[in-house]
Amino acid sequence: MSTPAVFGVGGKPAGVSSAPSRPYRIHPDAAGSQMTKVELDRRLDSSKSTLAERCWAVAGYANLLQDRPTASVCNSAFLKLADVFEKTPDNMLRAAVVTVMEQCRPAMLRVFSSHILVQKVHSVLEKSIDPQARALALRALAGMAALLVHNQRVHADVRNALRSPNPSEHAACVLCVLELAAVSPDFAAGSLPLLARQVTALETPPGMREVLISALAHMHRVPPTATLQAREVLLQTQRRFPQARVVAACVRALSLLALRSRVHFDSQLVFLLETMEEDCRPLVRQVIARHFHLNRQMYLCVPLPSKVHSGVAWPTRILVKSWKHSLPLHACMRGCIHKSPAA
């Protein structure tokens with residue numbers, strides 16, 4: 001069964017024509033919010049409710065969470081959504097629940113029964129044999145990554161899902177890997193060997209390779225040996241796959257990794273300057289120039305290597321000029337040399 005398109009907050013479900021004409025009205029006071037939640041629960045639990053009415057009720061939870069994001073409302077609403085996600089056999093309703101969870105992600109941090117929330121969503125990933133349902137479960141887990149920092153059981157299942165041959169499940173798993181690697185050093189360190197194999201595999205699609213490369217930029221909070229291993233994987237990928245988008249993704253990930261971990265910071269500066277001079281493709285030069293521009297204050301504190309030129313004070317100016325005018329790097333440096341105070 002293919003996953004249907006989902007809807008926005010308070011919007012009409014895609015492909016459904018019998019949805020109510022108006023969203024549920026959210027009362028401003030606490031008692032009114034409770035009445036609204038009771039009505040939404042009744043719509044979801046009623047056997048007479050159509051799929052359109054149940055999807056519309058799920059959208060009403062998004063309005064409720066945005067208007068009354070108190071701890072009690074967030075806890076009861078998210079647990080109800082997770083219960084619906086676990087028990088429903090319909091992927092369209094699951095997709096509606098995932099959409100609400102993604103749109104109300106900040107309110108999820110106020111759930112005080114987060115272990116129950118994670119358990120209900122994780123059970124779909126564990127027990128379901130439907131790849132679309134598993135893909136939706138992975139999307140939901142990606143939205144609650146902040147609640148999974150130390151959940152080793154979920155970490156292991158996400159890594160196993162990364163080997164899935166189903167494209168939808170694999171794409172959702174890559175999204176979950178990105179979110180978890182950004183917040184969990186344990187997950188990042190444990191996923192490095194698997195990410196390295198998939199990044200360098202010939203059968204990995206180019207678009208998916210770019211996303212996996214960006215996950216390696218989060219290896220700055222792992223042990224130094226793992227950070228060095230991630231850097232070697234990125235350098236190997238940059239040499240092995242010369243496509244402009246892949247090289248640009250590797251350059252971006254290497255730069256972020258060097259800035260965050262401060263490992264091989266000087267070597268990264270030389271690498272960027274040499275890549276700027278050797279690779280004349282506009283996309284690659286644009287990525288390097290933008291990186292220098294956003295982090296110019298940090299790079300100005302690093303002395304330029306003598307093999308480049310000791311008199312250059314602004315790498316950003318050199319790189320931007322080189323990229324805009326398609327000139328060699330050494331030709332742009334001639335106009336940026338300044339005299340030292342001693343002279």
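A salt bridge is defined here as a Lys NZ or Arg NE, NH1 or NH2 lying under 4.0 Å from an Asp or Glu carboxylate O, and D45 with K87 fails to meet this definition. Salt bridge annotation for R105-E102: absent, with no cationic side-chain nitrogen under 4.0 angstrom from a carboxylate oxygen. Taking the charged nitrogens against the carboxylate oxygens, K127 and E86 have no contact shorter than 4.0 Å, which rules out a salt bridge.
With hydrogens and angles disregarded, a donor-acceptor distance shorter than 3.5 Å links the side chain of R94 to the backbone of T88. In terms of modelled atom types and a separation under 3.5 Å, the side chain of R245 and the main chain of G207 share no donor-acceptor contact. Proximity of a side-chain donor or acceptor of S128 to a complementary backbone N or O of L125 within less than 3.5 Å is not detected. Between the side chain of S46 and the main chain of R43, no donor-acceptor pair closer than 3.5 Å is present. For the pair D83 (side chain) and L79 (backbone), a donor-acceptor distance under 3.5 Å is absent.
Contact between M92 and D90 at its shortest, heavy atoms only, is N-OD1, 2.8 Å. Nearest approach of M219 to L257, heavy atoms of both residues: C-CD1, 3.8 Å. Counting all heavy atoms, side chain and backbone alike, G60 lies closest to L40 at C-CD1, 3.7 Å. Taking every heavy atom of both residues into account, S168 and N166 meet most closely at N-OD1, 3.1 Å. The heavy-atom pair separating S114 from L147 by the smallest distance is CB-CD1, 4.0 Å.
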Residues V177, V158; criterion side-chain contact (heavy atoms from CB on, under 4.5 Å); working and verdict: CA-CA 7 Å; V177 167; V158 171; 3.9 Å; yes

Show your reasoning for whether side-chain contact (heavy atoms from CB on, under 4.5 Å) applies to V233 and T237. CA-CA 6 Å; V233 171; T237 305; 4.1 Å; yes

Apply side-chain contact (heavy atoms from CB on, under 4.5 Å) to M108 and L117, showing your working. CA-CA 10 Å; M108 197 180 298; L117 174 64; 3.9 Å; yes

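Using a 4.5 Å heavy-atom threshold, the side chains of L202 and F241 count as touching. Using a 4.5 Å cut-off on side-chain heavy atoms (C-beta onward), C280 and R285 make contact.
Under a hydrophobic-cluster definition in which Ile, Leu, Val, Met, Phe, Trp and Tyr are linked whenever side-chain heavy atoms come within less than 4.5 Å, directly or via other members, I213 and L235 are assigned to the same cluster. In the hydrophobic clustering of this structure, V121 groups with I116; members are Ile, Leu, Val, Met, Phe, Trp, Tyr whose side-chain heavy atoms approach within less than 4.5 Å, directly or through other members. No single ILVMFWY cluster, assembled from side-chain heavy atoms under 4.5 Å apart, contains both I129 and L138. Two different hydrophobic clusters hold L148 and L175 under the rule that ILVMFWY side chains link at heavy-atom gaps under 4.5 Å. Linking ILVMFWY residues whenever their side-chain heavy atoms come closer than 4.5 Å, directly or via other members, places L109 and L180 in the same cluster.
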Enumerate donor-acceptor pairs with a distance under 3.5 Å from any side-chain N or O in residues 191-198 to protein atoms, sequence neighbours excluded.
from : atom 1 : to   : atom 2 : distance (Å)
S191 : OG     : R159 : NE     : 3.1
S191 : OG     : F187 : O      : 2.8
Q198 : OE1    : H170 : NE2    : 3.0
Q198 : NE2    : L162 : O      : 2.9

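In this structure, V183 shares a hydrophobic cluster with V149, the cluster being traced through Ile, Leu, Val, Met, Phe, Trp and Tyr side chains under 4.5 angstrom apart.
Atom CZ of R139 sits about 12.5 Å away from atom CE of M144, to the nearest 0.5 Å. For the atom pair CD of E203 and CE of M208, the computed distance is 13.0 Å after rounding to the nearest 0.5 Å.
A search for side chain to side chain contact (heavy atoms under 4.5 Å, CB included) contacts involving A248 returns L283, V287, not counting sequence neighbours.
Side chains of H122 and D157: a donor on one and an acceptor on the other come within 3.5 Å.
With a 6.0 Å radius and a threshold of 12 heavy atoms from other residues, nucleotides or ligands, Q119 has its CD atom at or below the threshold.
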